[in-house]
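Shown next, in structure tokens, is the structure this report addresses.
Convention: sequence-line order gives letters A, B, ...; per-chain numbering from 1.
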Number of protein chains: 2
Amino acid sequence: MMASRRQEVLTAALDLLEEVGIDDLTVRRLAQRLGVQPGALYRHYPSKRALLDAMVGHIVAGAPAPAVPAGDWAGHLRAMAASGREGMLAHRDGARLLATFYDPGPDAVASFMRIVEVLRAAGAAERAAVVATDTVLAYVNGFTMEEQARRAATPRPERDRDFQAGLDLIIAGIGATLPPAP
Amino acid sequence: MMASRRQEVLTAALDLLEEVGIDDLTVRRLAQRLGVQPGALYRHYPSKRALLDAMVGHIVAGAPAPAVPAGDWAGHLRAMAASGREGMLAHRDGARLLATFYDPGPDAVASFMRIVEVLRAAGAAERAAVVATDTVLAYVNGFTMEEQARRAATPRPERDRDFQAGLDLIIAGIGATLPPAP
DNA sequence: ACCTGAACACCGTTCAAGT
DNA sequence: ACCTGAACACCGTTCAAGT
């Protein structure tokens, strides 16, 4: 209720993405689904690009970071990794969409810096903390991109296991540079 | 000399990619550059997709793996990582092109398995070796994708340093699971 | 505020016909 | 073997005009 027309257009676009994939996500098709002429959409979004940006914003906002004990840097890293991957897998072509149109907003930057702070609190130098966070992010994006691009459907539990195994490798590497926990 | 017409079309497409980027790489623009009608290109490639696949094939073939001492598993990993990144950075939108159209051929599979063998020889179990190789690949693709997408141009030496630092983290994690060298 | 109608400058692709 | 000419079914975007 009280959904603005702009919101309805966004919702319809997300539904259409699920149905036809990003390559066939077309302004004209979207207009048809809304029962409207193509040009009418430009009253709500100034360009297709702006609409795709809004879709990406909706996708990243929909992946909430779960609560993690304050001192648990590895847990924070794992939570960030899992929620990033989950957000992409939740939508058809999610990884490609993010990779092409993601422009990190203020809250993405904030969540990045929160991880860096957690690592700093665990004893990492500033640059080491940034490198570690960037590395996990690159891994998540690279892994999920390939995972979603692959047509041959490896069973989900197996993919989860492989994702976790690679992440553990990186976390072990980070842990080796940190002072031992008390 | 003795370049087939097919080859000339491919070369022109690679040049055009450099000039206009993948979003404006158009069959019609390519035809214009070759002084020919758009439909004529379909005598040489059955579809735009097939042409893009050929471009990707040319890009990955042009990144030769340098020779590395047989026992140096970390060196092998580093060489694979560097040549993968280099191949993508060598072309405008290279990472996006690879991510969207790369279908690993037999020699890509062979080079993957060579790394796995090197890790096995260093004492890794089969699955651990596969996970390690996959993890490095995911990192390389994720890092380079973001690196090339970023409009704000961080200086190249700095990007190299960051790439290396993240890779070292992963390699440290892998090393921790391996038996100590003699 | 929202949409229509109609256009503009493009796309990828097919195919008979020419040389 | 390679290309032309011409079409087909599409694109994203703009904009006066309608309600």
Side-chain angles (χ1 to χ4, degrees), chain A residues 1-58 92-93 96-103 149 151, chain B residues 1-58 92-93 96-103 149 151:
Chain A
M1 53 292 276
M2 79 160 289
S4 68
R5 193 67 174 121
R6 195 183 146 88
Q7 254 300 335
E8 290 173 8
V9 170
L10 177 55
T11 301
L14 288 163
D15 290 349
L16 187 56
L17 173 66
E18 234 56 42
E19 272 179 33
V20 303
I22 195 162
D23 287 329
D24 292 323
L25 178 57
T26 250
V27 172
R28 297 177 109 96
R29 248 193 260 258
L30 179 56
Q32 192 186 11
R33 158 184 274 262
L34 286 162
V36 120
Q37 296 294 320
L41 297 180
Y42 288 80
R43 191 139 310 250
H44 308 290
Y45 291 94
S47 66
K48 182 183 184 181
R49 166 77 207 228
L51 174 60
L52 289 166
D53 285 342
M55 293 171 69
V56 168
H58 183 268
R92 165 122 78 139
D93 295 327
R96 245 172 84 199
L97 191 60
L98 269 281
T100 316
F101 296 101
Y102 187 41
D103 191 24
R151 49 186 71 221
Chain B
M1 54 292 275
M2 81 159 288
S4 67
R5 192 67 174 124
R6 194 182 147 89
Q7 255 299 336
E8 290 174 8
V9 170
L10 177 56
T11 301
L14 288 163
D15 290 349
L16 187 57
L17 173 67
E18 235 56 42
E19 273 179 33
V20 302
I22 195 162
D23 287 328
D24 292 323
L25 179 57
T26 250
V27 171
R28 295 178 110 96
R29 247 195 259 259
L30 179 57
Q32 192 186 10
R33 158 184 275 261
L34 286 162
V36 118
Q37 296 295 319
L41 297 180
Y42 289 79
R43 191 140 308 251
H44 308 290
Y45 291 93
S47 67
K48 183 183 184 182
R49 166 78 208 228
L51 174 60
L52 289 167
D53 285 342
M55 292 171 70
V56 168
H58 183 267
R92 162 121 83 135
D93 295 326
R96 245 172 84 201
L97 191 61
L98 270 280
T100 316
F101 296 103
Y102 186 42
D103 190 25
R151 49 186 71 220

Show your working on side-chain contact (heavy atoms from CB on, under 4.5 Å) between B:L16 and B:M55 and close with a plain yes or no. CA-CA 11 Å; B:L16 187 57; B:M55 292 171 70; over 6 Å; no
If you measure from CZ on B:R6 to CZ on B:R43, what distance do you get to the nearest 0.5 Å? 14.0 Å
Taken to the nearest 0.5 Å, the spacing of B:Y45 OH from B:L30 CG works out to 9.5 Å
Kindly determine whether B:L52 and B:L25 satisfy side-chain contact (heavy atoms from CB on, under 4.5 Å), including the steps that lead there. CA-CA 10 Å; B:L52 289 167; B:L25 179 57; 4.0 Å; yes
D:dA9 to C:dA9 separation - P atoms, rounded to the nearest Å: 22 Å
Please check if atom CD in A:E18 has more than 12 non-hydrogen atoms from other residues, nucleotides or ligands closer than 6.0 Å. yes
One pair to check against side-chain contact (heavy atoms from CB on, under 4.5 Å): B:L17 and B:L97. What are the steps and the verdict? CA-CA 10 Å; B:L17 173 67; B:L97 191 61; 4.0 Å; yes
If the C1' atom of C:dC10 is compared with that of D:dC8, how far apart are they to the nearest Å? 15 Å
Ignoring hydrogens and geometry, is there a side-chain-to-backbone donor-acceptor pair from A:R5 to A:H44 under 3.5 Å? no
Residues of residues 6-16 of chain A with any non-hydrogen atom less than 4.0 angstrom from an atom of DNA chain D: list those, numerically ordered, please. none
Once you apply the 3.5 Å cut-off to both distances, tell me the Watson-Crick or G-U wobble partner of C:dT4, or none. D:dA16
Any residue of residues 40-54 of chain A with a heavy atom less than 4.0 Å from an atom of DNA chain D: A:Y42, A:S47, A:K48
Do A:T26 side-chain atoms and A:R29 backbone N/O form a donor-acceptor pair below 3.5 Å? no
Counting only Watson-Crick or G-U wobble pairs whose two distances fall under 3.5 Å, which nucleotide matches D:dA9? none
Please find the earliest and latest nucleotides of DNA chain C, in the 5' to 3' direction, that have an atom within less than 4.0 Å of any heavy atom of chain B. C:dC11 to C:dT14
Between B:L34 and B:L41, does a side-chain contact (heavy atoms from CB on, under 4.5 Å) hold up when you go through it step by step? CA-CA 9 Å; B:L34 286 162; B:L41 297 180; 3.8 Å; yes
Step through the shown structure and confirm whether more than 12 heavy atoms of other residues, nucleotides or ligands are within 6.0 Å of CD on B:E19. yes
